[in-house]
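Counting starts at 1 for both ligands and their atoms, in listed order.
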Amino acid sequence: MTNTLIIGGSSGMGLALARTMLADGMDVTIAGRSADRLAAAQAELAGHGQVRTVPADIGREQDVARLFDQVERVDHVAVTAADATGVYGRTAGIATTAARAIIDIKLLGAWLVGKYAAGRVTGSITYTSGINAYRPNGSNTIVAAANGALASLASGLALELAPVRVNVISPGWVDTPIWNQIGMDKQAAFADLAGRLPARRIGTPDDIARAFVSLIRNEYITATVLHVDGGHRLT
Ligand SMILES: NC(=O)c1ccc[n+]([C@@H]2O[C@H](COP(=O)([O-])OP(=O)(O)OC[C@H]3O[C@@H](n4cnc5c(N)ncnc54)[C@H](OP(=O)(O)O)[C@@H]3O)[C@@H](O)[C@H]2O)c1
């Protein structure tokens, strides 16, 4: 049976991916900081297959080391972890602690996964960046920088960890709980964007889950950024 570790699997895109992998007969391990969120996700996924939970903060090296010790060997790793608290707004108004925190989670956390994956991951690692790396809007600069750097990280790791494949998915706007941290009027923002997107709608967690599965399955894709954004880069 194929085992997939989803760091960020207790919510949003990661939870949708867990559901999709289970439906395909694979077992999953989901990791995140909150034991309560992990337990709620495990309960939601109950009856669909084998789900293991491991509390871990991807920004803490000891947590990532312990996580990989516990899973020992894993076929695929998907990283969807992010906490957007305090990082949206003009740069002059962003606290440096918040900027460091998002770099710790999205970039250094991703690097830590690469560091501890060697010899333990056999198939692929897929990271999640985001549209703001390619279509910045003046209110998400530090997040855009962290997301953009993931493409370089994945290319380097694709060489270092080969034949393990390392890729990045760049989602557009997707309706998930992360929007509660961003402090925008979500419904108004979604309505405005949806009409301008070539896809004419906001993304769903399942749109992204299906993209993860395609990267996990296709053994000839590595060092690639897959844009799953409904054409958002063209708006
Ligand atoms: N939703 C969008 O519109 C959008 C657009 C572009 C890119 N993205 C990116 O897509 C990815 C998935 O986002 P989502 O929308 O699915 O968010 P979400 O619903 O808020 O889920 C985030 C997940 O990450 C976990 N997490 C947060 N910080 C963590 C940490 N330090 N260590 C381990 N786990 C952590 C959360 O659990 P805990 O809080 O319990 O740790 C949760 O399970 C993120 O990288 C985000 O930046 C999202």
Side-chain angles (χ1 to χ4, degrees), residues 5-20 28-42 44-45 51 53-64 66-67 77-88 98 100-113 126-137 140 142-151 153 168-182 184 186 189-190 193-194 197 201-209 211-212 225-230 232-233:
L5 168 63
I6 306 170
I7 305 175
S10 62
S11 178
M13 301 173 198
L15 181 56
L17 176 61
R19 205 178 293 116
T20 304
V28 300
T29 299
I30 58 174
R33 294 167 304 179
S34 160
D36 287 348
R37 270 185 119 177
L38 288 170
Q42 192 175 33
E44 191 179 324
L45 297 168
V51 182
T53 64
V54 182
D57 182 338
I58 195 174
R60 293 163 54 96
E61 181 156 12
Q62 63 270 41
D63 282 21
V64 178
R66 183 176 44 79
L67 175 61
V77 180
V79 181
T80 60
D83 184 332
T85 307
V87 286
Y88 281 83
R100 282 216 176 89
I102 194 71
I103 296 289
D104 275 348
I105 295 174
K106 288 219 72 163
L107 182 55
L108 273 177
W111 177 80
L112 286 170
V113 167
T126 309
Y127 296 115
T128 315
S129 66
I131 180 63
N132 50 30
Y134 303 93
R135 182 82 165 75
N137 65 15
N140 50 25
I142 190 65
V143 190
N147 281 334
L150 287 173
L153 179 77
V168 180
I169 287 180
S170 176
W173 286 9
V174 179
D175 193 357
T176 72
I178 206 168
W179 282 85
N180 300 332
Q181 300 164 350
I182 292 175
M184 276 172 73
K186 181 179 93 167
F190 280 4
L193 179 70
L197 282 178
R201 67 171 176 83
I202 296 301
T204 66
D206 283 337
D207 290 326
I208 309 304
F212 268 101
V225 177
L226 177 60
H227 297 274
V228 190
D229 61 10
H232 195 151
R233 282 161 301 138

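- Nearest-residue assignment for atom 12 (C) of ligand 1 (options Val228, Asp36, Thr80; heavy-atom criterion): Thr80.
- Atom-to-atom distance recorded for Leu38:CG and Ser10:OG is 5.0 Å, nearest 0.5 angstrom.
- Between the CD1 atom in Ile169 and the OG atom in Ser129 there is a gap of 9.0 Å [rounded to 0.5 Å].
- Of the heavy atoms in Ala56, only backbone atoms (N, CA, C, O) come closer than 4.0 Å to ligand 1.
- The backbone and the side chain of Ile178 each have at least one atom closer than 4.0 Å to an atom of ligand 1 (non-hydrogen atoms only).
- By the 3.5 Å distance cut-off applied to N or O atoms, Arg33 is counted among the residues near ligand 1.
- Here's the thing with Ser34: one of its N/O atoms is less than 3.5 angstrom from an N/O atom of ligand 1.
- The closest approach between Ser129 and ligand 1 falls below 4.0 Å for a heavy atom of the residue.
- At least one N or O atom of Val174 sits closer than 3.5 Å to an N or O atom of ligand 1.
- Atom 32 (N) of ligand 1 has Ile58 N, 2.9 Å as its closest protein atom, hydrogens excluded (heavy atom only).
- At the shortest separation from atom 35 (C) of ligand 1 among protein heavy atoms lies Ala81 CB, 3.5 Å.
- The closest side-chain donor-acceptor pair between Asp83 and Thr85 falls under 3.5 angstrom.
- At a heavy-atom distance under 4.0 Å, only side-chain atoms of Arg37, from C-beta outward, approach ligand 1.
- Here the protein heavy atom with the shortest distance to atom 22 (C) of ligand 1 is Ala82 O, 3.9 Å.
- Looking only at heavy atoms of the protein, atom 18 (P) of ligand 1 is closest to Ser11 OG, 3.5 Å.
- Residue-ligand proximity: Lys106 is placed with a non-hydrogen atom under 4.0 Å from ligand 1.
- Around atom CZ of Arg201, more than 12 heavy atoms belonging to other residues, nucleotides or ligands sit under 6.0 Å away.
- Residue contacts with ligand 1: Pro171 is placed with no nitrogen or oxygen under 3.5 Å of a nitrogen or oxygen of the ligand (distance criterion only).
- Among all non-hydrogen protein atoms, the one lying nearest atom 15 (O) of ligand 1 is Thr176 OG1, 2.4 Å.
- When only interatomic distances are considered, the shortest N/O to N/O separation between Gly32 and ligand 1 does not fall below 3.5 Å.
- Of the residues listed (Leu17, Ile178, Leu15, Thr128), the one engaging Thr80 in a side chain to side chain contact (heavy atoms under 4.5 Å, CB included) is Thr128, and it is the only one.
- Asp63 places none of its side-chain heavy atoms less than 4.5 Å from the side chain of Arg33.
- Of the protein's non-hydrogen atoms, the one nearest atom 31 (N) of ligand 1 is Asp57 OD1, 2.8 Å.
- Here the heavy atom of the protein found nearest to atom 4 (C) of ligand 1 is Met13 CE, 3.6 Å.
- Assignment of Gly172 to the shell around ligand 1 is supported, since a heavy atom sits closer than 4.0 Å.
- Taking atom 43 (O) of ligand 1 as the reference point, the nearest protein heavy-atom neighbour is Ser10 OG, 2.7 Å.
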